[in-house]
Amino acid sequence: MDSDQAALFEARNLSLSFGGVRAVRDVSFEIRRGEVFSIIGPNGAGKTTVFNLINRIYDADEGTMRFNGTEMSRVPGHRVAELGITRTFQNTELFDRATVLDNLLIGRHVHRRTNIVAEFLFLPTVRRQEIAFRSYAERIIDLLELQGSRDQMVGALPYGTRKIVEIARALCAEPELLLLDEPSSGLNPEETEDLSFWIEDISADLGVTIAMVEHDMNLVTAVSNRVMAMADGAAITTGTPAEVQDHPEVLRAYLGD
Amino acid sequence: MALLTVRNIETYYGPIMAIRGVSLEVNDGGIVTVLGANGAGKTTVLKTVCGAMDPRKGTVDLDGRDITGLDPNRVAQLGVGHVPEGREVFPFLTVEENLVVGAFSRKRADFSDDLEMVYGYFPALADRRRQPAGFLSGGEQQMLAIGRALMLRPRLMLLDEPSLGLAPTLAREIAGIVARLRSEQRMAILLVEQNARMALDISDYGYVMETGRIVMEDTCERLQNATDIQEFYLGMKDRGVRGRRRWKQRKTWR
Amino acid sequence: MRFVLTTHYGQDVNLFRHNGQRFWYALLAVSVVVAPLFLSTFYVGELVLVFIWAIAGIGLMLLVGYTGLVSLGHAAFLALGAYCHAVLLGYGVPFAVSAPVAVAFTALVGALVGIPALRMTGVYLAIATLAFERIVAYGIEHWEPVTGGLRGMSVPQPDFFGVSLADSYVLYYVSLGVLAAGLFAAANLLRSPTGRAFVAVRDSEISAESMGVHLARTKTTAFAVSAAFTGLAGVLLAHRIGYLAPDAFTVQTSIQLLLLVVVGGLGSLHGVVFGAIFVGYLPQVIALARDVLPSAVGQIPGLELGIFGLILALFLVFEPLGLYGRWLKIRSWLSLFPLYRKATHKRQKAYLRTERVQ
Amino acid sequence: MEVFQLLLSGLSQGCVYGLIALGFVMIYKATEMLNFAQGDMMMLGAFVAFTFVNLAGLPFFVGFLITLVVMVGFGMGLERTVIRPMIGEPPFAVLMLTIGLGFILRAVAGAIWGSGTRTLDVPFAGRVLEVGGVVLGYENLVVIGGTALLCIGLWAFFRYSRIGIAMQAASQNQLAAYYCGVPVKRVTSLVWGISAAISAAAGVLVAPVMLIDPMMGFLGIKAFAAAIVGGFGSLPGAIVGGLLIGVVEQFAGLYLPAGLGEVSAFVILLVMLMARPQGIFASMQQKKV
């Protein structure tokens, strides 16, 4: 990727404190269209907090965020998905008492065009919409190979599958930017390797830009175009995986030696 | 004879099998580490040992006594201190009150000596003994959690990710204290860590877990030299960045 | 076990998955339609009450069972529907206007009550709805010129296409029709985006929001829809009891409605019907039991409510899935007979941890 | 003068709400469970005291002490039999369960003591103290004084006793308390026991001011409002919320249209929930992701 490619998402000088502790300090970065962008750093470095800021769960104390040229620092949380950003959560936040299919269909919620009156009567428009939603969800099910668990309750699925279901749900919204919060945690090395293929497929087949917070350096190196390293709430450096891994400060803060 | 013997335990989260037949041993005065990725089941092993979770199969023996399925407070009374992942101090209690709770299971003994012992290991805590634990920094909370477990005068300490979220210098300091505890307090330690380098440095024996199973065990020197460990846990793998060989249709027999 | 070969997504969207289901529901429909022919007026009246409970129960089930919002004040919506309808009829407004207006009014009030729900977690909300119920009860008791205060007011019984709703048989078919339509509408809603948004809010607000679900709108919608169903039940109830007084709508009524959804089985429309039958007939059973029991026991004040409480407690401790859940277990036991394993429904050690943070 | 009079009776009524609310808050803090039957436990306590003092003819203070002991046992037994199986169930289920318990308690009390109203014989009933034109009923003073004593006692218990500190530990992090060897189940039983005793004390204190009958537990709903207004999970908040509601009720009862005093507690509650849902003494925040 060449460096002057347009930024899909741009954060400038984000800062956030919780009761005196500065969780994020003056962080700026951009995510370019089509790339896989990773954020690495020790636990507590503020990586997930950055995601929560993008996702508008938290209000930044300072700084701005632009997505597709739209200023989004004050957009309400539920509009973020409409703008085209969806995410997964560190410990998965699925709808446990619903089936995998229903979870994916909720992913389609932003594309809802029917109103409640039509839904009460289940008018043909609603039926057509349901079938359209379903066929899109099936596309994602095929892509991520979830056919076997389609009708199972999410709460009863193994952890690894739940992680994949969450990615699938986020994809069902047809996002432009997908945020993955520690996608490999809880997966074994083999599943992690599969995950790296899926991330490549999502990027290549669906054209979705991906930003992820990740610990597993192998995964980060394998799939990322660019990496940002964080420590103590601040961004240390941004660059290619190789550059970042060799950065002396990163070595000191993250790898420990 | 081993102080702690875990035989073939299987533990479930609801219908999900989190650990599948794990066996391990900790000798008196030894440090044993369990390595593995996030979610491999390491924490579940500790929770099963201390009674917070009941295994559906298998047994846990402490000093020849079957402690499977006992409530965690009973296990604690038998001399097992637990430093849980994420520290889990009591945020609204002061540092000293936290430590007093730590000594709860010991009958009305005079524990001012123990308080001094803890403050000796962690002078930072002594300065803040009247402050609510919630206001401590991450490193201080970790010290408090270890100190709280020490108040039990444990024979076996379960340490869950003590370096989690700490700056590397602090993590090293904690590692040093763990090593000291073994020699000075003569307790056995079962250490769960993601920071494999640190864990292997201070431990005698190590187990490696993947998705709920133990896939490898050996002395720490030999583990440090094993290629798999170097690749996966010590980040020394020399891997091509892009353009790995792969078939578009990946394997689907999972 | 029955396996259905699905050849089109449309099939999965349908309410009935196969002809077997269609057959049983059709049989049920026929039997409730012909039932009054074989029953005395008293029993028809009791069945009407069951239908009304069920309609109100749909409302509460959508709120509690699907959206995860608890209301301890649903009696207020029942009262608002009934009083609004009766008052309008009293002013000579035709039934065809007053009933929809009453329902719309209740829905509006429901939406307003839903607003505090946006900032409250379950328990706070439960108390807030309870407070709301007390305030509505106060209004009804003290707005004498309109509601008749503590004396109450009689409900005008207008002719309805030439027949009177005071006639139990007429009311039976009207209520049955309303119930069927209500179940149909609720089932439709639940297989549509709004229904899924309800479930999403119930299971994880944070991830619902990140999937684009507007929490505020979804919760107010849930409250409005729930209140509308309950208000509709109130309209029918006004005709069923013929005379409205504040003591027909108390905290106990709210609790009975909750009992209905819990005993029926949270999160299922089938449960509503099971629960309504239970709540509708329990007082009868208790009344019968009083006659049989020695008078020292039979005449205990508050016995009926005490038994309600006991049953509620027993269900919560032993069968949190309710009657419908029990039925599903029996069915799966039957279909899996030799293979069924008890451990499938075993409970685990659980620990509480405060979610308060500093 | 009238204002002082009202203020005083408001304060004594508020103390009663506050006392019941203390019981709620204790259980809530220790177990995150809500006991909707708290008001009915108060009713039960009052009836038990009535049995020992009026029926058995014991001296008041002896009867009172026995009542406290009986109610501690009752609370612990309740926890052991009914509440413990509910650990891990959603809060809604526990709430419903305690609502059901309330109905059962009312029916049981009705069966044992009948549905009529009773008066507890107390040594301080009917006497008044006149200070500068303000008439102070002894029973009002006793309610206020008793509440103050109980609060100080509880405060000292939580501050200085090992079991009190362990209770707080268990409430803040149950699993970590287990790891420290705190027998959380026994501690939880004890919390229920103490909470039952507090509500029994409330029942005895309120008995001279209002009559005892199986329905008096409905006061518990207002105590709930008090707890929320004060900031759920805060012990001082419970008392402050109770006092606030007690005083407002008295004034609303006199200066506003008939019956508004009765609902003023709920109006305050709703206003509070809209304006400042965390209550006067905020102690809770949102779940972290």
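The figures that follow rest on heavy atoms only: side chains count, while hydrogens, waters and symmetry mates do not. Chain letters run A, B, ... following the sequence lines, proteins first and then strands; every chain starts at 1. What you are looking at is a predicted structure, and each value in this text was computed from that prediction instead of being measured.
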Practice item. Evaluate the side-chain proximity of C:Phe184 to A:Leu121: yes if any heavy-atom separation is below 4.5 Å, no if none is. Key: no

Quick note, salt bridge (Lys or Arg N to Asp or Glu O under 4.0 Å) partners involving residues 77-86 of chain A, not counting sequence neighbours, are A:Arg79-A:Glu82

| query | Is there side-chain contact between A:Asp102 and C:Val199, with at least one heavy-atom pair below 4.5 Å? | reply | no

Among A:Val80, A:Leu105, A:Val110, A:Asp96, the residue with the most heavy-atom pairs under 4.5 Å to chain C is A:Leu105

Side chain to side chain contact (heavy atoms under 4.5 Å, CB included) filter on C:Thr106, not counting sequence neighbours, yields C:Phe77, C:Leu80, C:Ala227

Exercise for review: Give a yes-or-no answer on whether the side chains of A:Arg112 and C:Thr194 include a donor-acceptor pair shorter than 3.5 Å.
Suggested key: yes

Heavy-atom distance under 4.5 Å between the side chains of C:Ser207 and A:Arg169, does that happen here? yes

Do A:Glu119 and C:Arg191 touch side chain to side chain, with heavy atoms closer than 4.5 Å? no

Is any side-chain heavy atom of C:Leu189 closer than 4.5 Å to one of A:Phe122? no

Taken to the nearest 0.5 Å, the spacing of A:Phe95 CZ from C:Arg202 CZ works out to 10.5 Å

For A:Arg150, I'd like to know if atom CZ has over 12 heavy atoms of other residues, nucleotides or ligands within 6.0 Å. yes

query = Below 4.5 Å, heavy atoms only, C-beta onward: do A:Thr86 and C:Met211 meet side chain to side chain?
reply = yes

The interface call for A:Thr88 against chain C, heavy-atom contacts under 4.5 Å, is neither

Taking every heavy atom of C:Ser204 against every heavy atom of A:Glu93, the minimum-distance pair comes out as OG-OE1, 2.8 Å

Does A:Arg12, at its CZ atom, have more than 12 non-hydrogen atoms belonging to other residues, nucleotides or ligands within less than 6.0 Å?
yes

Interatomic distance, CZ@C:Arg196 vs CG@A:Asn103, rounded to 0.5 Å, equals 10.5 Å

Per side chain to side chain contact (heavy atoms under 4.5 Å, CB included), C:Pro193 is matched among A:His109, A:His111, A:Arg108 by A:His109

Inset, instruction - For the residue pair C:Ser210 and A:Phe89, establish whether any side-chain heavy-atom pair is separated by less than 4.5 Å. - result: yes

When the 4.5 angstrom heavy-atom criterion is applied to C:Ala187 and chain A, the contacting part is neither

(request) Could you walk me through whether A:Leu94 and C:Asp203 pass side chain to side chain contact (heavy atoms under 4.5 Å, CB included), step by step? (result) CA-CA 7 Å; A:Leu94 286 160; C:Asp203 284 1; over 6 Å; no

message = Is there a side-chain contact between A:Arg97 and C:Tyr66 in this structure, where contact means two heavy atoms from C-beta onward sitting under 4.5 Å apart?
response = no

Most contact-rich option vs chain C, by heavy-atom pairs under 4.5 angstrom, among A:Arg128, A:Glu138, A:Arg56, A:Glu166, is A:Glu138

Apply the test side chain to side chain contact (heavy atoms under 4.5 Å, CB included) to residues C:Thr221 and A:Ile116: give CA-CA distance (whole Å), side-chain angles for both, the deciding distance (0.1 Å), then the verdict. CA-CA 9 Å; C:Thr221 306; A:Ile116 190 164; 3.4 Å; yes

